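As the structure lists them, so they are numbered: ligands from 1, and atoms in each ligand from 1. None of the values given here were measured: they were computed from a predicted structure. As a basis for the values below, the full set of heavy atoms in this structure was taken, side chains included, without hydrogen atoms, waters or symmetry mates. Counting from 1, the numbers follow the sequence of the chain as shown.
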Amino acid sequence: MKRESGPPPAEARPRSPEPGGPAGTPGGPVRRGPLVIVYLLLAGALLLALHEYSRPGQERTWTLSWDRFTGLVAEEPSPVAWVEVGPEWMIGELKAPRALPVLVGEGKTRDEQVTRFQVARLPGDEELLAKELTARGILVVGRSGEGWGRLLVVWGLSAVLFVGGLFLVMRLFSPSRQVMSFGKSRARVYAERETKVGFGDVAGIEEAKEELQEVVQFLRDPRPYQRVGARIPRGVLLVGPPGTGKTLLARAVAGEASVTFFSMSGSDFVEMFAGVGASRVRDLFEQASKHAPCIVFIDELDALGKVRGVGLSGAHDEREQTLNQLLSEMDGFDPEKGVVILAATNRPEILDPALLRPGRFDRQVVVDRPDVKGREQILRIHAQKVRLSPQVDLAQVAKETPGLVGADLANVVNEAALLAGRKRQEQVEPGDFREAIQRHLVGLERKSRIMSPGEKERIAVHETGHALTALSVPHADPVSRVSIIARGAGALGYTMQMPAEDRHLYSRGELEDRLAVLLGGRGAELLIYGDPSTGASDDLARATELARRMVLEFGMSPLGPLSYGGPRQRYLASPDGGGERREYSEETARLVDEQVAALVRAAEERVTRLLQEREAALRAVAGALVTREVILAEELTALAREHGAPP
Ligand code: ADP
Ligand code: ZN
Ligand code: MG
């Protein structure tokens with residue numbers, strides 16, 4: 001059963017990908033969808049109408065010879081209903097359809113049912129027309145030219161429709177507002193004229209901000225630097241765990257310097273189609289040099305800059321090509337121009353060394369998890385957007401959230417506001433924050449989960465084991481609450497410990513205490529039931545991991561003060577342990593395993609002894625936990641003391 005506590009020396013907690021990533025994803029096409037449909041319908045209807053209008057009538061118009069026409073006119077009574085006279089042609093209609101020979105080209109004729117007809121005019125036929133037609137009661141309709149007016153209307157409107165459509169399409173495929181995209185990149189490169197984010201929106205990473213201050217100064221006015229011949233780093237790599245604000249910081253630099261912000265994600269470059277990635281890189285730098293001074297930001301550089309020469313698949317080749325293009329673009333870049341390249345990664349250890357050479361990303365800025373002060377400032381920034389009750393103490397919230405990064409804290413504030421909104425409150429109250437933190441730390445509370453009484457009791461014993469151990473060892477973080485309410489998936493119960501302060505160093509004694517607390521749950525189960533359960537698997541995994549690091553990295557075993565190649569900068573390593581390498585012999589490996597086992601066994605013995613001495617308290621607290629489900633710190637201590645647990 002899961003235990004929650006402050007940050008162990010290093011813990012890779014999977015985090016959700018950052019919300020509100022880089023510059024505006026073009027939300028346009030989605031919202032404009034209905035508009036397109038309406039436009040298409042309207043345009044279609046209009047064109048149909050125009051088509052109707054441009055066609056003089058439904059029937060086909062047949063061509064008659066002059067003498068056939070005059071013959072018709074001369075008949076008594078004339079079958080011709082009306083005639084429209086143009087400068088070159090006459091068009092007319094018969095009162096009723098009639099079979100007539102019509103001209104079908106080259107002087108040939110064919111019999112057709114004719115209603116509508118046309119006749120070519122002859123020179124000097126005006127007299128005949130005027131006289132004969134009117135005399136026989138045939139309606140003569142004058143016509144100006146060959147229907148130019150009508151043609152003009154049709155063509156004009158069609159042109160207007162076409163241009164309108166073109167305009168609409170162009171608007172659709174260019175992202176909204178100040179965000180523009182370009183070229184073959186299919187809207188994957190974003191440029192923001194103003195990011196509207198400044199250093200004021202970033203907190204808790206003061207050192208990183210200070211380091212980037214120089215970049216801002218340079219972009220604002222490069223002359224003082226150029227005058228003394230100072231070389232501004234061409235590329236700055238922001239390194240840190242996910243959610244600490246790397247993307248935010250990059251945008252803030254652009255905002256502070258008020259320059260254009262070009263951004264692209266490393267994974268965008270990596271395409272299945274050969275050459276696309278490389279051409280995107282070229283595109284990006286071409287655009288950037290046109291818009292200098294500006295910032296080019298490459299997020300998730302590791303997706304692109306992995307060490308080359310691994311794997312044989314096409315995707316790798318493609319990535320390599322893209323990476324080479326990036327390297328050559330960076331080399332060919334004139335830093336005087338005022339283009340600064342920023343990149344972000346949470347896995348610097350897997351980057352191709354070529355990227356880190358001088359003249360490329362030769363400066364690294366660490367963006368680390370915020371400390372308690374930083375967390376408070378970050379909370380303040382995000383709390384500006386919500387209505388806080390005066391009772392809320394953000395400093396206290398910061399104390400209760402060790403290990404959380406900026407993205408988590410933004411999430412906590414929002415979660416608290418959501419809870420307040422759901423309860424129709426006027427303001428966000430301290431209780432909302434408490435619940436939001438717990439939700440964030442251990443997942444959603446699931447009171448509805450059905451547990452058998454026996455299971456519930458076992459979980460209570462297990463969690464009490466953790467809690468009592470924590471209470472009894474000298475260096476454990478104080479327990480703030482013990483609960484057997486299931487939260488999220490996986491965690492059946494939990495013991496929450498609050499470190500009194502942010503920790504950076506741990507002594508051997510402290511780590512041994514931590515080991516004991518981790519094993520306390522299983523120890524209690526063994527003591528009460530005589531056999532362990534599967535509920536301890538997570539505890540065991542964490543204990544073993546901790547013991548291994550004590551042996552391998554911290555020199556806290558009889559193997560002596562040697563570092564056996566523990567992963568460097570572990571907090572940045574991927575959860576799957578990417579970049580780890582074993583740097584010791586088989587023989588040593590066996591010894592290491594022995595020492596790890598010895599550490600864990602010693603902790604187990606210690607816990608067993610400790611809990612045996614406190615069995616009465618263990619039973620009492622577990623019993624209370626079964627009925628009450630949650631027990632807070634003071635009560636826990638009181639109950640333990642009451643039942644004779646030595647402090
Ligand atoms: P990263 O790129 O390091 O993974 P992001 O910059 O994408 O993290 O952070 C995600 C969001 O979390 C930001 O948009 C911001 O709302 C919040 N955030 C993260 N770090 C900070 C910080 N240091 N100060 C203020 N807000 C932060
Ligand atoms: Zn446990
Ligand atoms: Mg990011």
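- The nearest N/O/S atom of Asp539 to the Zn ion (ligand 2) is OD2.
- Cation-pi geometry between Arg458 and Tyr529 is met: under 6.0 angstrom from the ring centre, within 45 degrees of the axis.
- Distances below 4.0 Å separate heavy atoms of Val202 from the following atoms of ligand 1: 23 (N), 24 (N).
- Heavy atoms of other residues, nucleotides or ligands lying less than 6.0 angstrom from CZ of Arg548 number more than 12.
- With hydrogens and angles ignored, the 3.5 Å screen pairs no side-chain donor or acceptor of Lys246 with any backbone N or O of Val367.
- Note on ligand 1: Val405 sits outside its first shell, no heavy atom being nearer than 4.0 Å.
- There is a side-chain donor-acceptor pair under 3.5 Å between Arg614 and Ser472.
- Among Gly243, Ala203, Gly245, the residue whose heavy atom lies closest to atom 22 (C) of ligand 1 is Ala203.
- Vertex the Zn ion (ligand 2); arms to His466 atom NE2 and His462 atom NE2; angle 90° (nearest 10°).
- Taking the six-membered ring wherever Trp is involved, the centroid distance between the rings of His475 and Tyr506 does not fall below 6.0 Å.
- Both the backbone and the side chain of Thr247 come within contact range of ligand 1, each with a heavy atom under 4.0 Å.
- Ligand 1 has Pro242 within reach: a non-hydrogen atom of the residue lies less than 4.0 Å from it.
- Shown here is Glu206, whose CD atom has more than 12 heavy atoms of other residues, nucleotides or ligands within 6.0 Å.
- Residue contact annotation: His382 has a non-hydrogen atom under 4.0 Å from ligand 1.
- Residue Asp201 has at least one heavy-atom neighbour below 4.0 Å for each of these atoms of ligand 1: 24 (N), 25 (C).
- Sparse packing is recorded around CZ of Arg601, with 12 or fewer heavy atoms of other residues, nucleotides or ligands lying under 6.0 Å away.
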